[in-house]
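Working notes, beginning with the structure itself.
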Amino acid sequence: MNDKPTINYGLEGIYVDESSISKVDGQNGKLWYRGYAIEELARQSNFEEVTYLLLKGRLPSRKEYDDFTKKLKERRELPGDIKDLIRKMAPTAHPMDVMRTAASMLVMFDNDPSNREGDETTEKVISLVAKLPTIAAATGRFREKKDYIPPDNNLGHSANFLYMLTGNKPNEFESKLIDLMFILHAEHSTNASTFSVLVTASTLADIYSATTTGIGTLKGPLHGGADEAALSMMNAIGDPSNTEKYIEEALEGKKRIMGFGHRVYKTYDPRAKIVRSYLEESLTKEPSDEVKRLLQIALIAEKMMIDKLGKTKGIWPNIDFFAGPLYRVLGIDSHLFTPIFVASRMSGWGAHIIEYWQNNKLVRPLEWYTGSLDLPYVPMNNR
Ligand code: CMC
């Protein structure tokens, strides 16, 4: 037998490719999309422009932007069969399961799903980016037995999502909040879901298969599902005065505090800082008692965790910690948090697929075998 090689469990510390899409600096808490600092994009850009940037590698001219947003708007609506599927599933299935199934079904409406010629992949990504918010909003509506609301092409991408979900046209601040979440979730280098998307894409399976893989991977509470799990923890804490006791007991019981820690960031996640600052701003705009309570809990938990684990173990708040309270400012149900993550992250997944297929290589890692060899086969009747 050969000597056991070094095994990087969870692929920790392993580079799997080169990429010019985004850079995460985990030591200094910085993030850039195509060279632009996330703080700049969050303040000055919007989701449509960020998606163009991620997919095409540069910011659009005015005409390119207008053409791109027109295309996104034209592709928002869903085929009737997909609405029917969502209507059937939504009352009982988790919205992430609905999204995964509906996204998979989109393949039926592409008459050449495996075509990767020319701009085909980019066009398919644009269609997915356009339709996933409609799937998420329809899921939210049907879950509550409400009618489907068709897209409003007078609204921008993320404001339209909120409108399709709630039936209300968002004001300027609400539009900014939802767009902010779409921008911040759009891309984050080779995390678990993006890697899983690339594993599927590397087999030259179609983009719908890759997207379905990504949605399944994002669902887990250690990844995208942490936003819903963090809010559920805050609700379990209930009153801000219970926070310290709850966190103490959870840590003593070796439980994970959702919304903290990250494989790459060993300091404050820059996206969490941005969400936190907008949450504080929302306090100046007559927030509900629920939002005030959640923010109080979040701030006590944040301080405790930084004191206990931040400085010693590098466990700091990540974006998913403050995401829930911010979505609650907008009145969004917690089951829809991760579907919104999917709708935003499609831009990043798409950019990575486009990049990866320029120099495709089948993903096929190795594992170190620890079982037996050459066992004598015993027929069933003799066992
Ligand atoms: N609460 C308490 N302890 C933690 C936490 C946490 N949230 N995160 C890590 N630890 C501890 C862990 O118990 C372990 O302790 P020990 O060395 O004593 O066994 C140590 O830190 C290292 O943990 P690990 O799981 O080996 O480290 P990792 O790099 O694999 O963890 C993580 C990354 C995100 C899975 C983990 O921090 C975690 O479970 N966080 C909670 C879930 C979460 O918020 N996920 C969202 C991540 S950001 C958004 C996204 O990408 O989706």
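Atom set for the values below is all heavy atoms of this structure, side chains included, hydrogens, waters and symmetry mates excluded. All figures in this text were calculated on a predicted structure; none of them were measured in a lab.
None of Ile319, Ile315, Asn318, Leu31 except one satisfies the side chain to side chain contact (heavy atoms under 4.5 Å, CB included) rule with Tyr265; the exception is Leu31. Partner of Lys124 under the salt bridge (Lys or Arg N to Asp or Glu O under 4.0 Å) criterion, chosen from Asp119, Asp110, Asp112, Asp206: Asp110.
More than 12 heavy atoms of other residues, nucleotides or ligands lie within 6.0 Å of CG in Asp239, so this atom counts as buried by the packing criterion. Other residues, nucleotides and ligands contribute only 12 or fewer heavy atoms inside 6.0 Å of the CG atom of Asp374. Counting non-hydrogen atoms of neighbouring residues, nucleotides and ligands closer than 6.0 angstrom, the CZ atom of Arg58 exceeds 12 such neighbours. Within 6.0 Å of NZ on Lys266 lie more than 12 heavy atoms contributed by other residues, nucleotides or ligands.
Interatomic distance, His335 NE2 to Asp97 CG, rounded to the nearest 0.5 Å: 10.5 Å. We find the CD1-CG distance between Ile247 and Asn242 to be 11.0 Å, quoted to the nearest 0.5 Å. Distance CD1/Ile300 to CD/Glu244: 6.5 Å, rounded to 0.5 Å. Going from atom OH of Tyr52 over to atom CD of Glu64 covers 3.5 Å, rounded to the nearest 0.5 Å. How far CZ of Arg76 is from CD of Glu74: 10.5 Å, rounded to the nearest 0.5 Å.
Using a 4.5 Å heavy-atom cutoff, the side chains of His94 and Glu228 are in contact. By the 4.5 Å heavy-atom criterion applied to side chains, Leu326 and Ser282 are not counted as neighbours. Counting heavy atoms from C-beta outward, Thr194 and Arg345 have side chains that approach closer than 4.5 Å. At least one side-chain heavy atom of Tyr278 sits under 4.5 Å from a side-chain heavy atom of Leu180. Counting heavy atoms from C-beta outward, Lys56 and Thr122 have side chains that approach closer than 4.5 Å. In this structure, the side chains of Asn191 and Arg263 stay at 4.5 Å or more apart for every pair of heavy atoms. Between Ile207 and Leu128, the closest side-chain pair of non-hydrogen atoms falls below 4.5 Å. In this structure, Met305 and Leu251 have side chains that are in contact, with non-hydrogen atoms separated by less than 4.5 Å.
One N or O on the side chain of Arg383 and one on the backbone of Val378 form a donor-acceptor pair closer than 3.5 Å. Glu120 places no side-chain N or O within donor-acceptor distance of the main-chain N or O of Glu117, the cut-off being under 3.5 Å. A donor-acceptor pair under 3.5 Å is absent between the side-chain atoms of Tyr268 and the main chain of Arg271, judged by distance alone. Glu290 places no side-chain N or O within donor-acceptor distance of the main-chain N or O of Lys292, the cut-off being under 3.5 Å. One N or O on the side chain of Lys131 and one on the backbone of Arg75 form a donor-acceptor pair closer than 3.5 Å. No donor-acceptor pair under 3.5 Å is formed between the side chain of Arg141 and the backbone N or O of Tyr148. A donor-acceptor pair is defined here as one N or O able to donate and one able to accept, closer than 3.5 Å; no such pair exists between the side chain of Thr284 and the backbone of Glu280. No donor-acceptor pair under 3.5 Å is formed between the side chain of Ser104 and the backbone N or O of Arg100. Put simply, the side chain of Trp357 gets close to the backbone of Ala201: a donor and an acceptor are under 3.5 Å apart. For the pair Asn360 (side chain) and Ser202 (backbone), a donor-acceptor distance under 3.5 Å is present.
In the hydrophobic cluster analysis, where Ile, Leu, Val, Met, Phe, Trp and Tyr join through side-chain heavy atoms closer than 4.5 angstrom, Ile21 is grouped together with Val264. In the hydrophobic clustering of ILVMFWY residues, with side-chain heavy atoms under 4.5 Å counting as a link, Ile215 and Tyr208 come out together. Follow the hydrophobic side-chain contacts under 4.5 Å out from Ile135 and you never reach Met164; the two are in separate clusters. Placement of Leu222 and Met233 in two distinct hydrophobic clusters is found when ILVMFWY residues are connected by side-chain heavy-atom separations under 4.5 Å, directly or transitively. Under the 4.5 Å side-chain heavy-atom criterion for grouping Ile, Leu, Val, Met, Phe, Trp and Tyr, Tyr163 is not connected to Leu132 through any hydrophobic cluster.
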- Kindly determine whether Gln27 and Thr267 satisfy side-chain hydrogen bond (donor to acceptor under 3.5 Å, both in side chains), including the steps that lead there. CA-CA 6 Å; Gln27 293 307 319; Thr267 183; over 6 Å; no

- Please lay out, stage by stage, how Tyr327 and Ile340 fare under the test side chain to side chain contact (heavy atoms under 4.5 Å, CB included). CA-CA 10 Å; Tyr327 287 132; Ile340 297 173; 3.5 Å; yes

- Derivation of the side chain to side chain contact (heavy atoms under 4.5 Å, CB included) call for Tyr33 and His188: CA-CA 8 Å; Tyr33 293 172; His188 211 232; 5.8 Å; no

- Task: Test Arg62 against Asp66 for salt bridge (Lys or Arg N to Asp or Glu O under 4.0 Å), laying out the working first.
- Result: CA-CA 6 Å; Arg62 164 59 61 191; Asp66 289 346; 3.5 Å; yes

- Between Arg34 and Ser22, is a side chain to side chain contact (heavy atoms under 4.5 Å, CB included) present by the stated rule, with each step listed? CA-CA 5 Å; Arg34 299 283 191 189; Ser22 69; over 6 Å; no

- Task: Quick one: do Lys255 and Glu249 satisfy salt bridge (Lys or Arg N to Asp or Glu O under 4.0 Å)? Show the steps, please.
- Result: CA-CA 9 Å; Lys255 283 198 192 137; Glu249 285 176 5; over 6 Å; no

- Task: Could you please spell out the steps behind the side chain to side chain contact (heavy atoms under 4.5 Å, CB included) verdict for Leu162 and Ser175?
- Result: CA-CA 8 Å; Leu162 207 50; Ser175 302; over 6 Å; no

- Report the C-alpha distance between Glu39 and Lys30 in whole Å, list the side-chain angles of each, state the deciding distance to 0.1 Å, and finish with yes or no for salt bridge (Lys or Arg N to Asp or Glu O under 4.0 Å). CA-CA 9 Å; Glu39 293 80 5; Lys30 290 190 186 306; over 6 Å; no

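In this model, no donor atom of one side chain and acceptor atom of the other lie less than 3.5 Å apart for Ser347 and Glu187. If you check the side chains of Gln44 and Tyr36, you find no donor sitting under 3.5 Å from an acceptor.
Checked for salt-bridge contact, Lys361 and Asp17 miss the test: no charged N lies under 4.0 Å from a carboxylate O. A salt bridge links Asp307 with Lys303: the distance from a Lys NZ or Arg NE/NH1/NH2 to an Asp or Glu carboxylate oxygen falls below 4.0 Å. Between Glu40 and Arg43, at least one side-chain N (NZ, or NE/NH1/NH2) sits under 4.0 Å from a carboxylate O, which counts as a salt bridge.
Aromatic pair Phe321/Phe260: ring centres closer than 6.0 Å.
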